[in-house]
Amino acid sequence: MSEHATSSRKFYVGIGMSLLVLTSVTVFAAFVNLGPFNPVVALLIATIKATLVVLFFMHVKGASEKLTAAVLVSGFFFLAILLSLALADYLTRAWR
Amino acid sequence: MADSHATTLEPEAHNPALLHHFADAQQQKNAASLGMWLFLVTEIMFFGGMFCAYLVYRLAHFNAFAAASQQLSIKLGAFNTAVLLVSSLTVVLAVKAAEAGNRKQLVTYLVITVLLGLTFLVVKGFEYAEKFERHHVPGPTFSFTDTFDDGSQKIPVNPNEAQLYFSLYFAMTGMHALHMIIGCGLFTVLAVFAWKGHYSPGYFTPIENAGLYWHLVDIIWIYLFPLLYLISRHR
Amino acid sequence: MSEEMTNHGQSGHGTGFEREDLSSRGVFVFMIGLAITGLVIYFIIVGMYSFLDKYERSQMTTASPLVATSGAASRVVTKDYIEKQFKDNGAPMLEDNERGQFSDFLMRQEKHLNSYGWVDENAGVAYIPIERAMELTVQRGLPVLPQGGATDAAGAASKAPATKAPVKR
Amino acid sequence: MASAAIPANQTPKTNYLTNGYGLKSWLLTTDHKRIAVLYLISVTVFFFLGGFFAMLIRLELLTPQGDLMQADSYNKVFTMHGMIMVFFFLIPVVPAVLGNFLVPIMIGAKDLAFPRINLLSWYLYIIAGTLFLHCMLIGGVDTGWTFYTPYSTVGSNTNVVEAGLAVFIAGFSSIFTGLNFIVTIHRMRAPGLTWDRLPLFIWANYATSIIMVLGTPVVAITIVLVAVERLFHLGIFDPKLGGDPLLFQHLFWFYSHPAVYIMILPSMGVVSELITCFSRKRIFGYKFIALSSVAIAVLGFLVWAHHMFVAGISLYAAMIFSFLTFFIGVPSAIKVFNWTATLYRGSISYATPMLYAFGFIGLFTIGGLTGLFLATLGIDVHVTDTYFVVAHFHYVMVGGVLMGYLGGMHFWWPKISGRMYPEGWAKLSALLVFVGFNLTFFPQFILGYVGMPRRYWQYPDEFQVLNVLSTAGSSVLAVGYLLPMIYFLWSLRYGPIAEANPWNAAGLEWQTTSPPPTFNFDETPVVTWEAYNYDEIAPKELEAPVGR
Amino acid sequence: MSKYLPLWPDQASTMAGQVDALYIYLLLVAGVMTGLIYIAVTVLAIKYRRKPGQDAHQIEGSTILEITWSIIPFGVMLTFFIWGAVLYFKERTPPADSTEVYVVAKQWMWKVEHMEGQREINQLHVPTGQDIKLIMTSQDVIHSFFIPAFRIKQDVLPGRYTTAWFKATKPGRYHLFCAEYCGTNHSGMGGDIVVMEPQEYAVWMAGGPSAPLPETGKQLFASLGCSTCHRFDVQGRGPNLQGVYNKPVLLEDGRTVIADENYVRESILNPTAKIVSGFKPVMPTFQGIVSDEQLNALVAYVKSLNQPPTGTAGLQQPAAAPAQPQNTQVQ
Ligand code: HEA
Ligand code: HEA
Ligand code: CUA
Ligand SMILES: [Cu+2]
């Protein structure tokens, strides 16, 4: 992976700051009544934060290794299989 | 875990030479990196089992989960989140220092990372202690009397279901804390090795891979924080 | 998964290992395809479910024309339904915790036998502890004719179920 | 010409077996071939232990009354039979023995990508096995291999936590093996060995490794949650707290259904190698067989709740999972049909490995088709948790996986040991295994449909005749399994010395010596030919069939 | 079918014939497929066996063939799926006019309660021609209610209610099994389903003709599940009751009492009142389950156990036999 030029320190600190800002946004948003969208917003922000970490801190963006993205996405894909098919049972239990 | 540790030992510690079964350094490095990412995928699935349980029970017992979640301290949770995010930043800077061959900076950042990790664990310890005091630890002594406020009236919640929430809370944060402890140990060892000058701009794979592990533990917390601490807080 | 068919044959000479690898694009395309297939299956089965459900309910015959209900009974039984059947139709209550429920029953009887309370407040009928009722009975003698306050005691005593006494033939 | 690369029949000075003799040279080795041999020994021990428990099961079921042992003992016996056979034998057997030995050689690498993690895998396996043996000696477990809650958390007073810990550790052994294979296959192939030239055994192990890496962590955390519930009252599956025992089943089968494909896929890979070699044919439909392995691995994750059709899942979920289960049948069918088509216009010899391959096709077909019976909702309600299921999975596991494994062991034994096995005895034992197997497990299909439930220590009188047949068959089977054990050991001393390529087979593993040197090849091979180029390799002797 | 070599289960409900029809269809398709593959492998293996001077003929493959043998089996499997799903829908959709019967499972017995108040243990009496809907729950672990002759099975879960239904068609006595592993006596957690003609059923409901007391008691001892714990051959979970009557019994708290008639009664109605030394208080209460007559019969049977035994209480379920109306209900 040595081809990827690590970015400047300023850039990393910037990403770190935006992560902290997003954290406070999450806490703030939790106290605003968004009806059913509260968990959606919380998860959306968490996903944005996770994506920032993956792309810039874990150097997936700009890596010479093309397979890492596929590997990571596969992990989340199979997790999604577990959750969605489990819900296919739990959400339809009450169907008469 | 043991895997990344073994990976760090993969190249002879004092002699960053190529292992006999690889053709060149690039191949070795790519192999180690791919192996680490696969290990991270197993970690995702490992926590995924608990996320699945969380999702199912949150849907089934929402009121109890909300009421129980509101017993957690957002202050401590948010503080810990910030601590972890900053530690991720220091890890990245450590990797950068390693790539630049700056030994002093590398060691400094690794030590800061470990200290931040320990800070997280200490805060978590205080949170756990508070659970014990308030009988929020699942088991025979568990008691829960708070109610869920749905905006119009206070609905009493079934303490058993609240106990289910705290069971998940302890399982998920406990497993996460275990990973943090392993990570702290790992970085301590790496800091010692770095101090002894094992790493060079040509060879710092262990730092990189341990960093990947730490970031993943961070990402898991990024999800745990809103899911455990911020259920229906606007009421 | 798809492969890039480059770099065949001799091109890898001397490099020590094969460089060509699976493209991650193939992996993504595969996953997206699987997700779409999954969604399609979801809707196919939803359609099939609703069709079969309607069909089954229309097939249900009633035992006699006098029975008003038609269609199917519910597949899902909840605690509420069990309690409703228990209250309305005298159905048995399923004991999910036999020992606990039985000792609760004994405790309730015990409490009833050793405390004061109303049987019928409007009529002024109360129950009193069994020991006290015995004392009163001994003091006042058995009522030959209804005499004011003693009825309560006698009523309570005769109401109290005998738990401990062996069953007589 | 590939055959040009085959060295003349001469043994080099050292091979991987003669490179160091002390115990230390084995226990601290990082040579994938030695680790494979370590696995071979330990896995065989567990197989005979599991087989011993199987014989106890069959003896107890000889009569309707429970007379050989107490009910509790019987429950422990079938539990430990199942756990040993699944977690300590069948999941590791083909990947960790044949896979470990062959994956690096077949792709022309010197070793796996992480040799030390490979050794760590074996040690984890041994630690897990030792824990399980200890758990057995202090009283065993009686939850069934499926650990169903709430029996495993509340009901059982046996050593569930220790058995769970053993399975957990064995799981990590499996994860590291899979991780190692994936990285090796991606990163360590010889020059010219592109993905469309890989042997099908490699494709099969690659697909298996995907399942190991993605599935095993889920069962690991599930077992941790069960242990934590037993130890610290964290009641995640406790119905008294509003928990759902079915959630345990969902999480358990999310791994354990894909796990059955962990077992079968490598064996299917072995069969692909055997069929091509002994019919001297290029495989029919290479690409379809290769991709069907990956398809099975991925689709295997979508069907787990077919084990829960009567467990209380919703009607809709049952339909979804039944429908998805039938999708798995298609790639399996593709494999069976392609193997059959490969025979067409071949030049087929009946050496022992080929007999096992025929056995695999025959028994896996029956086992797979009865799997489809079970996936059919209306039938499963009647036959689930009866001996029909027991017969189904023994047909695929014993008739399928074990047949493939034995075929592979005979095929590669010359490469592993440098000696040939006695062909006559081998043919006899293959016959005994086939006959004994059918006699043991075919009656169980009938028993199951007639209504005999699983995990029964005593049963109504009218089921006795079928059970006696089954027990009789199992003793034939025992002889059939003991024979290879004996003649393999015998051949180590007295077997004829094997050449580098006794079968004149294609594939890189036959181009190095038997047994191979420590680093497999003197110089990295360069691959310029397609897989299974049997048109370029002459058969052994055109006059006499191989293996008489 | 033959009594000693059953090849096919009894068909005793409306569902049985339909499940069997699907099963026969599956057997036919599987038989044809297996036959085709076996014949193909055998013929090819013999025809193309290795001969001197004859090489193999290389063939790459054929996409047309691959597609054919993917599509056709998938089409066949779709028929399995659709037919199976339709049947399953029937099996899980109880008719509206069905009679409810309540079932509680516990380690290791089935307790059945009818709407009219009759209670049975390890037995279920039902009339033919009546839709019966079972509402089931468990007190401890997962069990599974399985009647092979009716082709129905449903897991019974703690903390939840599950349902199943059937309509019996043929009078007789059929096996009831527990099909989900539930611990030590899982294989003993069975019983009988007694299917009766409606007239007989009415007689049974009203309390049929009675037998001598100890004889009735012996039957009750088996059908109520006493014999699952009180065994005469091996040590069960409860004490061996042979020769207990009128003898001193050492209790857990150190007292000794004489096992007289009242003691036996109390042991049945409120077992936890006096715990026999060396045993756990696991005996369930039969308060409200046994009627006075049944209690008398049980006591008479326990008394009769003081004579030398004439035979052990059978562990085996009796084989299918014509239904005998039995006196096991509560007035
Ligand atoms: C090696 C292990 C292995 C394999 C490969 C399989 C393969 C399959 N299994 Fe099996 N199964 C087990 C091991 C395995 N199983 C075990 C251990 C259990 C019980 C666990 C327990 O409860 O303890 C079990 C239980 C089990 C159940 C649950 C039963 C129950 O408990 O109620 C089901 C239900 O759907 C099922 C289905 C299938 C199917 C559809 C396949 C398919 O993959 C089969 C595909 C193969 C074919 C279809 C045959 C080849 C194809 C042709 C010849 C083409 C012609 C076909 C047609 C025209 C249709 N299996
Ligand atoms: C994974 C592989 C696997 C294998 C190979 C086998 C092999 C065999 N199995 Fe097993 N079986 C399972 C997996 C396997 N089984 C599982 C998962 C279960 C379910 C468990 C559960 O319900 O939880 C099960 C359950 C099971 C049952 C049902 C028990 C019950 O439900 O009550 C039966 C009954 O006949 C049985 C029989 C056999 C037999 C006769 C063999 C034979 O093929 C075995 C032949 C091998 C030998 C006979 C070894 C020969 C050696 C000796 C005899 C010498 C012994 C001495 C020494 C120790 C040196 N098995
Ligand atoms: Cu109850 Cu098995
Ligand atoms: Cu399965």
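In what follows, every chain begins at residue 1, and chains take the letters A, B, ... in the order their sequences are listed.
The structure places CG of Leu43(A) at 7.0 Å from OH of Tyr223(B), a figure rounded to the nearest 0.5 Å.
Per-residue counts of heavy-atom pairs under 4.5 Å with chain B were compared for Val27(A), Leu22(A), Ile15(A), Thr47(A); the largest is that of Thr47(A). Top candidate by heavy-atom pairs under 4.5 Å with chain A, chosen from Leu93(B), Leu59(B), Ile231(B), is Leu93(B). The candidate from Ser24(A), Ala50(A), Ala29(A) with the greatest count of non-hydrogen atom pairs under 4.5 Å with chain B is Ala50(A). Ranked by non-hydrogen atom pairs under 4.5 Å with chain B, the options Phe56(A), Phe31(A), Phe57(A) are led by Phe57(A). Interface check for chain B: of the options Leu91(A), Val32(A), Leu34(A), the most heavy-atom pairs under 4.5 Å are formed by Val32(A).
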**Request:** Begin from the C-alpha positions of Ile222(B) and Thr23(A) and carry the test side chain to side chain contact (heavy atoms under 4.5 Å, CB included) through to its verdict.
**Result:** CA-CA 9 Å; Ile222(B) 287 178; Thr23(A) 303; over 6 Å; no

**Message:** Determine whether Tyr229(B) and Thr26(A) satisfy the following criterion, side chain to side chain contact (heavy atoms under 4.5 Å, CB included), listing intermediate values before the conclusion.
**Reply:** CA-CA 11 Å; Tyr229(B) 286 75; Thr26(A) 308; over 6 Å; no

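Ile219(B) touches chain A through its side chain: at least one heavy atom from C-beta onward sits under 4.5 Å away, while N, CA, C and O do not. Contact annotation for Ile220(B): neither backbone nor side-chain heavy atoms come within less than 4.5 Å of a heavy atom of chain A. With a 4.5 angstrom heavy-atom cutoff, Leu38(B) touches chain A via backbone and side-chain atoms both. Ala86(A) touches chain B through its side chain: at least one heavy atom from C-beta onward sits under 4.5 Å away, while N, CA, C and O do not. Only the side chain of Leu87(A) comes within contact range of chain B, with heavy atoms under 4.5 Å apart. For Ile45(A), no part sits under 4.5 Å from any heavy atom of chain B, backbone or side chain. For chain A, the nearby part of Phe225(B) is the side chain; its heavy atoms alone come within less than 4.5 Å.
Looking at every heavy atom in both residues, Tyr12(A) comes nearest to Leu89(B) through O-CD1, 3.2 Å. Shown here for Lys49(A) and Leu85(B), the closest heavy-atom pair between the two residues is CE-CD1, 4.2 Å. Considering all non-hydrogen atoms of both residues, Thr68(A) and Ser33(B) come closest at CG2-OG, 4.3 Å. Taking each heavy atom of Leu216(B) and Met58(A) in turn, the nearest pair found is N-CE, 4.2 Å.
For Asn38(A), the side chain to side chain donor-acceptor pair (under 3.5 Å) partners two or more places apart in sequence, or in a different chain, are His234(B).
Side-chain contact check for Val92(B) versus Phe11(A): every heavy-atom pair is 4.5 Å or farther apart.
Residues of residues 106-118 of chain B having a heavy atom under 4.5 Å from any heavy atom of chain A, listed by number: Tyr109(B). At a heavy-atom separation below 4.5 angstrom, chain A is approached by Ile74(B), Ala78(B), Thr81(B), Ala82(B) within residues 64-82 of chain B.
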Between side-chain atoms of residues 69-82 of chain A and protein atoms elsewhere (two or more places apart, or another chain), which donor-acceptor pairs fall under 3.5 Å?
unit_1: Ser74(A); atom_1: OG; unit_2: Ala70(A); atom_2: O; d: 2.6

